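The structure that follows is given in the form of structure tokens.
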Amino acid sequence: MSLPQQLRNESDFDQLPDNIPVTAKIADIEEKKGFIVYYMFVIEVKTKGGSKYLIYRRYRQFFALHQSLELKYCPESQKGHYTCQLPTLPGKVFMGNKKEIAESRIPELNNYMKRLLCLPTWVLLDDLIRMFFYQIESDSQLVPRALRRLRPPTRRVKTIKPKTELLSAPRAEVVFDFSGSGRLELSLKAGDVIFLLRRVNTDWLEGTVRDRTGIFPESFVKIIKPLPESDSDEEGRASRNAQGSYSCLRCYLLQPDGIDTRDICIEEDITIQPSYEDLLSRMRDLFQVDNIALNYRDPAGDLIRILDDEDIALMVHESITTGSNVKRPVNQFPWELLVTHAKDLTVYNTEY
């Protein structure tokens, strides 16, 4: 017999453990730059016992939670079990500015979480909900930048920025035009002057030009005043690690008329295991081709097509265990991507 949606019974609520989440509110959104640029919602969770903590969730995690709850509790999908009326989750948006989409979703997601946490107590005890609102280790390690929706409005204090002596700053002049392949990379025009911030690795620098900050290959510029020597020693490396980690990924687009080789910088540590969807999206943007397939070479040298996250895990594992004899730059991913057209099956070894 299914139970209708009901208000929480106070006696049942009193029996809940103290670590059960009872309210959740989005405090801010934060941009994350990795294999793709995306936004995470910074959520303040309060438990029945009165404790507060922050969790970081993407919209895709809300979507996955809602799908699982629908399979479990919707009257349409379950008969003969406890069911309830779930709140409505805002749908996916496939086009538009990612920041504007994330901002517009905040009121809807706040309402979704409010209604979700007002469901009957037997729903609140479900592991799906408890794990979604649980503060995992990666949540506790992140430091929020603003939390603007939790802070009371304050009077803005005018600050006077000290003038920088530009002629004494490390800088370089652009010798060749360069078109950046993503948001991390600057697009340069010959004759531009770039003010240098730091060295990313032996081939790439970070700098500012025309009020934009990003990374660019050193081979496209002429150094006028170099960065301090300490930037390349241990102290400099420690400083760079504190600011963020850039890694290089080598990619190949295999076409009938030749191979297009690209090296792209990713704001991720080389130990990261990306998702299949993120890699596919980044390669589509990089090579400007939609109908593509991702591949890697196995230890025997054969091309293996990647279909999901499990294949990504296998690729990373094999590259670590078999790639120790390959000399690579210290910040280059041990695996490489080979991109092919999805319908081109001639690249695979089909002999048995």
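One is the number of the first residue; the rest follow in order along the sequence. On a predicted model such as this, the values are computed, not experimentally measured, just so you know.
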Donor-acceptor contact present, side-chain E108 to main-chain L89, <3.5 Å:
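No, the answer is negative, given that no donor and acceptor are paired below the 3.5 Å cut-off.
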Check: F35 main-chain N/O paired with R282 side-chain donor or acceptor under 3.5 Å
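Pair found, side chain donor or acceptor close to backbone of F35.
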Main chain of G91, side chain of R105: is a donor-acceptor contact present, judged purely on distance under 3.5 Å?
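Confirmed, R105 side chain pairs with G91 backbone.
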Can you check whether T47's main-chain N or O pairs, donor with acceptor, with S51's side chain at less than 3.5 Å?
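Judged by distance alone, no pair lies under 3.5 Å.
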All N/O donor-acceptor pairs, side-chain side in residues 123-131, below 3.5 Å, sequence neighbours left out:
residue, atom, partner, partner atom, Å
D126, OD1, L128, N, 2.7
D126, OD2, K72, NZ, 2.8
D126, OD2, Y73, OH, 2.5
R130, NH2, N19, OD1, 3.3

Please check if the side chain of S179 supplies one atom and the backbone of S187 the other of a donor-acceptor pair under 3.5 Å.
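Looks like no, no N/O pair under 3.5 Å.
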Counting distance only, does the side-chain N/O of Q67 pair as donor-acceptor with the main-chain N or O of A64 below 3.5 Å?
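Between the backbone of A64 and the side chain of Q67 there is no qualifying donor-acceptor contact (under 3.5 Å).
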Quick one: do D311 and R305 make a salt bridge, cutoff under 4.0 Å?
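Looking at R305 together with D311, the answer is no, because their closest N to O distance does not fall below 4.0 Å.
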Quick one: list whatever passes side-chain hydrogen bond (donor to acceptor under 3.5 Å, both in side chains) with R262, sequence neighbours left out.
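Expected list: D260.
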Could you tell me whether a side-chain N or O of Y59 sits under 3.5 Å from a main-chain N or O of P90, the two making a donor and an acceptor?
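Such a contact is found between Y59 side chain and P90 backbone.
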Answer yes when D177 and K189 have at least one side-chain N-carboxylate O distance shorter than 4.0 Å, and no when they do not.
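The answer is no: the pair does not qualify as a salt bridge.
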For F132, what residues pass the ring pair (Phe, Tyr, Trp, His ring centres under 6.0 Å) criterion, not counting sequence neighbours?
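Partners of F132 by the ring pair (Phe, Tyr, Trp, His ring centres under 6.0 Å) criterion, ordered by chain and then number, come out as F62.
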Are E44 and K25 ion-paired here, with the side-chain N under 4.0 Å from a carboxylate O?
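No.
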Summary of side-chain hydrogen bond (donor to acceptor under 3.5 Å, both in side chains) pairs that have at least one residue in residues 88-97, sequence neighbours excluded
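For residues 88-97: none.
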Can you tell me if N291 uses its side chain to pair, donor with acceptor, with the backbone of A342 under 3.5 Å?
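No, because the side chain of N291 does not come within donor-acceptor range (under 3.5 Å) of the backbone of A342.
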Those residues that, when tested against S275, pass side chain to side chain contact (heavy atoms under 4.5 Å, CB included) (two or more places apart):
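With neighbours one apart ignored, the set is R60, E277, D278, D309.
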Taking K225's backbone N and O only, do any of them form a donor-acceptor pair with R171's side chain (distance below 3.5 Å, no angle check)?
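No, because the side chain of R171 does not come within donor-acceptor range (under 3.5 Å) of the backbone of K225.
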Check side chain to side chain contact (heavy atoms under 4.5 Å, CB included) between V37 and all other residues, then give those that pass, not counting sequence neighbours.
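V37 satisfies side chain to side chain contact (heavy atoms under 4.5 Å, CB included) with E31, K33, R183 once adjacent residues are dropped.
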Shared hydrophobic cluster, L314 / L337 (ILVMFWY, side-chain heavy atoms < 4.5 Å):
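Same cluster.
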